[in-house]
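One structure is given below, encoded as structure tokens.
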There are 2 protein chains.
Amino acid sequence: MGATYHQFCPVAKAMELFDERWTLLVVRELVLGSKRFNDLRRGLPRMSPSLLSKRLHQLSAAGVVERRTVGDEVHYTLTDAGLELRSVVEALGSWGARWIGTLGDSDLDPRLLMWDMHRRVDTSAVPVGRTVVKFRIRDVQQRAGDWWLVLDGHDVDICDVDPGFDVSLTVSATLRGLTEIWSGDMSWHEALRAEVLGISGPESLRRGFPGWFVLPRTSDVRRALPGRPSISSADS
Amino acid sequence: MGATYHQFCPVAKAMELFDERWTLLVVRELVLGSKRFNDLRRGLPRMSPSLLSKRLHQLSAAGVVERRTVGDEVHYTLTDAGLELRSVVEALGSWGARWIGTLGDSDLDPRLLMWDMHRRVDTSAVPVGRTVVKFRIRDVQQRAGDWWLVLDGHDVDICDVDPGFDVSLTVSATLRGLTEIWSGDMSWHEALRAEVLGISGPESLRRGFPGWFVLPRTSDVRRALPGRPSISSADS
DNA sequence: CGGTATCCCCGTCGATACTG
DNA sequence: CAGTATCGACGGGGATACCG
């Protein structure tokens, strides 16, 4: 499959596996906890199912991934070798967060963003009972810009069609703004002040809302570049 | 050049650069200290010069590498962003050392091995004056199996043709054996006992010889796999 | 030494459809 | 849900030659 470098160096041997497109992103998804084929797909929207299938086979052959049937579900999990790739993924993520400049428009994807947000909800921080957050991504055309996050106990669902529940809170944002919050380039508070973000609903929910999410680890990485421009605030 | 993943994730953005074949190995060479085009080539024997050139351009465009003319020499050096890739290279190298099993025959390369050994000589450990070590890789055909390591002060040269100096020490080894020593799968001592290595010459030199080299960092990594089989010694 | 230029092949990947 | 099948293009990259 992957071509060999004909080198004994362990970096080269490792890269024989990981220099293939998508491979390390599949690992990233598994590190983040996705186990099922279609969940992996949601985290890798542009990847074709056949290629995902192929990569899972390769990773399995390499001893990184294990495929198991659990009840009537198929689970892909990391082996011990795979778990130790977390350090590689984190090193790359930290480097990327520090050194990659402003994202291009084509890197912004509401589906992927909402999928990532939905899986990083801290359910213990959300009020008891059902809470429904409607997201409106202002600058994305109707269909793709409306999302409903349904929180209920430990269940977190993200829908791109109206599930029909009463909406507890409505969040409006630009795609870039919400992505920059999520990336750690801007705080929720800064975004509100800059009006790339708006939250409407009962004050207690509005205040609590930012705390319902655990930002990705890379959001904490100190930026080396002037980087993805945060709101250059004259005050504060 | 490299295709985009259309993802805002910093891992994905980083991999847009590094999922291309050879790219991270070029970075590895720079991390190891090579600066000049033809030195880089020596550490990447199977890479075509045009591709190396292209990769250097790409890395330069990405802000990882800087090309400078120093006197009449051209130097490629890592920028601050590039220097921080050391953590990525080391994470990959450690993972590879732990989890990659036995090397295939096609991963063994005397040229690359001798090049790597030559640049990890601890000149302070070598006797003063000129010392010439002749290596004979037993199982490699004449031409490719004979190497001369010329040590003189801080100068270290490796030759694949007889430079004509008196030989101070002769080392004979199998290609796999010497590679395994270098990889940390076997100690010099074990190799001597197993007779995959032989050293002939004055005893003081013979005894000192192993200490003239600083093994790669990954040689210290604890193996997770039964792995590249070390000599299974009944005794110890 | 420090690269470019060229050429062409073949494999990868993307897209889409389809199946149990 | 969990994949496989098929198919075509496109361009990456290997090899080699060549240049200042």
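First the proteins, then the strands, lettered A, B, ... as listed; each starts at 1. These numbers were taken from a predicted model, which means no experiment stands behind them.
The CG-P distance, from A:L40 to D:dC1, rounds to 12 Å in whole Å. One interatomic measurement links the two molecules: CD of B:E20 to P of C:dT12, which rounds to 15 Å at whole-angstrom precision. Rounded to whole Å, atom P of D:dG14 lies 9 Å from atom NE2 of A:H6. For the pair B:R21 CZ and C:dT12 P, the interatomic distance rounds to 10 Å; values are reported in whole Å. Atom-to-atom, CG of B:N38 to C1' of C:dT4 comes out at 14 Å; the value is rounded to the nearest Å. Atom CD in B:E16 sits about 14 Å away from atom P in D:dG12, given to the nearest Å. One can place CE of B:M47 at 13 Å from C1' of C:dG3, the figure rounded to the nearest angstrom. As rounded to whole Å, 16 Å separates atom C1' of D:dG8 from atom CG of A:L51.
Contact between the side-chain N/O atoms of A:Y76 and the OP1/OP2 oxygens of D:dG3 is found at a separation under 4.0 Å. When the side-chain nitrogen and oxygen atoms of B:R41 are compared with OP1 and OP2 of C:dG2, none of them lie within a distance under 4.0 Å. Residue B:K54 places at least one side-chain N or O closer than 4.0 Å to OP1 or OP2 of D:dG12. Taking 4.0 angstrom as the limit, A:H57 places a side-chain polar atom (N or O) nearer than this to OP1 or OP2 of D:dT4. Dashed line: the shortest gap from a side-chain N or O of A:R36 to OP1 or OP2 of D:dA2 is under 4.0 Å. The shortest distance between the side-chain N/O atoms of B:R46 and the OP1/OP2 oxygens of D:dG13 is not below 4.0 Å. Regarding contacts with the backbone of C:dG2, every side-chain N or O of B:R42 stays at 4.0 angstrom or more from both OP1 and OP2. Under 4.0 angstrom from either OP1 or OP2 of D:dA2 there lies no side-chain N or O belonging to A:R67. Within the structure, every side-chain polar atom (N or O) of B:W22 is placed at least 4.0 Å from both OP1 and OP2 of D:dG12.
If you find the closest nucleotide of DNA chain D to A:L56 and to B:D19, the one lying nearer the 5' end belongs to A:L56. If A:S48 and A:E73 are placed on DNA chain D by their nearest nucleotide, the residue sitting closer to the 5' end is A:E73.
How far CG of A:L175 is from CG of A:D105: 8.5 Å, rounded to the nearest 0.5 Å.
Residues A:D116 and A:W182 bring a donor and an acceptor atom of their side chains to less than 3.5 Å of each other. For the 3.5 Å distance criterion, the side chains of A:T4 and A:E16 qualify, holding a donor opposite an acceptor.
A salt bridge does not link A:K54 to A:E20: none of the charged side-chain nitrogens sits closer than 4.0 Å to a carboxylate oxygen.
The base of D:dA2 lies outside donor-acceptor range of the side chain of A:S53, with no N or O pair under 3.5 Å.
Within a 6.0 Å radius of CZ in A:R136, other residues, nucleotides and ligands contribute more than 12 heavy atoms.
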